[in-house]
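Everything below concerns the one structure shown next.
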2 protein chains.
Amino acid sequence: MTDTRTRLVEAAAALLDEGGPSAVTLREVAGRVGLSHNAPYRHFKDKDMLLAGIAERELVVSRQNWQAVVDGNMTLIDALREHLRRAIAWPERFSLTYGPWPAAVKHALTSGTEAQQAFLSAVVAAQARGELPPGEPERLARLILATANGAATQVINGHLARGGKWNGDAEDVVTDLLAFLNRD
Amino acid sequence: MTDTRTRLVEAAAALLDEGGPSAVTLREVAGRVGLSHNAPYRHFKDKDMLLAGIAERELVVSRQNWQAVVDGNMTLIDALREHLRRAIAWPERFSLTYGPWPAAVKHALTSGTEAQQAFLSAVVAAQARGELPPGEPERLARLILATANGAATQVINGHLARGGKWNGDAEDVVTDLLAFLNRD
DNA sequence: ACCTGAACACCGTTCAAGT
DNA sequence: ACCTGAACACCGTTCAAGT
């Protein structure tokens, strides 16, 4: 049996996916786990910390994704595509994870800096393999991640609706960026 | 005397700047204008539509900013810097404006598509002046805007904290992008 | 250590009523 | 046409009390 804390995070994530942030109420989360409406306070300081539990889980997956590039099991472009696929498949989780956090919560999100560090290592590995041009990896990393997350946000918020003048999807944007980065 | 509707939007924007989304309550907004807590319902269908009024104002400014590029009064890079300066000076307004909207609200945000159209025109003008390389302007536009808004989001959410390994600011990210786009 | 039930302050929204 | 006051359902959070 998985512990109560994990089951609360899972129930919260499911509610987030189903109905967005407003659907995640402590009463409904606790109800799905079969507990009273204030039982979550035994496991999380407040609601923000419960939401941070969802983000924590996402960031762990994200770190593993970048780590696969470092380990040579994936190209950076494929890892970026996977990142975007997850963002668009679970837009609410993406917005929550990469959205604004109260300062107190962000400090507790240790896997956030770990994921960031892993992405930087992935960029370094990609450079070594010739998938990216040489240059300061920090600058390349933040440029690529800003573009990828910006493109995901555009798609999620409907600013890249298929069929319109801005036809296309998030993967095309990243493909275009990498084409410019690697132009002889 | 400015009309009540405008004063409600101004009060809401001020509250948003001061304390974030949670500080924008209909009771406090109405109170600042000297009205009872449900007077806003005579001017807006619901709270989301009041918030859309804030975004509407921001998008009008944004459109004017891109229009200055079309009119030859500004370079695209300077307009992008101005866009980023505004985003970081008023992070809550930026997150609200370019964040997720309920479908019903987005349909009412006509100035959103106008701002997008103006940005596309600005890219075309920049290409004509040699500030950007040739190619499909739609692809360039979405790449640049995704990068700019992604970089702004990184800064706002503290993922580009000065002094850390990812040292730098949003303007540097856009500068790097344009340098790659224009590399001989 | 973990959970419950009652209570509190707060919020968005609705409605009947006023001018 | 615009506004008020009371009311409703809902929410996050706290606290005393139970096992």
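This structure is a prediction, so every number in the text was calculated from the model and none was measured. The chains referred to below are lettered A, B, ... by the order of the sequence lines, with proteins before strands, and numbering in each begins at 1.
Within the nucleic acid shown, Val24(B) comes within 4.0 Å of sugar-phosphate atoms alone, with no base atom in reach, counting heavy atoms only.
Using a 4.0 Å cut-off, some side-chain N or O of Tyr41(A) falls inside it from OP1 or OP2 of dT13(D). Phosphate contact (OP1/OP2 of dG12(D), side-chain N/O of Ser22(B), threshold under 4.0 Å): absent.
Between the side chain of His43(B) and the base of dA1(D) there is no donor-acceptor pair of N/O atoms closer than 3.5 Å. The base of dT14(D) sits with one of its N or O atoms less than 3.5 Å from a complementary donor or acceptor on the side chain of Asn38(A).
Checking His37(A) against Asp46(B), the closest nucleotide of DNA chain C that is more toward the 5' end is the one next to His37(A). Nearer to the 5' terminus of DNA chain D, by closest-nucleotide assignment, is the contact made by Arg42(B) (compared with the other of Arg42(A) and Arg42(B)).
Note: CZ (Phe44(B)) to C1' (dC3(D)) measures 15 Å, nearest angstrom. The distance from atom CZ of Arg27(B) to atom P of dG5(D) is 13 Å, rounded to the nearest whole Å. Distance Leu26(B) CG to dC3(D) P: 14 Å, rounded to the nearest Å. Taking atom CZ of Arg5(B) as the reference point, atom P of dC3(D) lies 13 Å away to the nearest angstrom. Residue Leu35(B) contributes atom CG, which lies 14 Å from atom C1' of dA1(D) at whole-angstrom precision. Atom CG of Leu50(B) is separated from atom P of dT13(C) by 10 Å (rounded to the nearest Å).
Judged purely by distance below 3.5 Å, without hydrogens or angles, the side chains of Arg86(A) and Ser62(A) never pair a donor atom with an acceptor atom. Side-chain contact check for Asn149(B) and His83(B): at least one donor-acceptor pair (N or O, by modelled atom type) lies under 3.5 Å.
By the criterion of side-chain heavy atoms lying less than 4.5 angstrom apart, applied directly or through intervening Ile, Leu, Val, Met, Phe, Trp or Tyr residues, Tyr98(B) is grouped together with Val9(B) in one hydrophobic cluster.
Here dA17(D) sits opposite no nucleotide as a Watson-Crick or G-U wobble pair (both hydrogen-bonding atom distances under 3.5 Å). As the counterpart of dG12(C), dC8(D) is assigned, both hydrogen-bonding distances of the Watson-Crick or G-U wobble pattern falling under 3.5 Å.
Using a 4.0 Å cut-off between a side-chain N of Lys or Arg and a carboxylate O of Asp or Glu, Glu28(A) and Arg32(A) qualify as a salt bridge.
A donor-acceptor pair is defined here as one N or O able to donate and one able to accept, closer than 3.5 Å; such a pair exists between the side chain of Thr113(B) and the backbone of Thr110(B).
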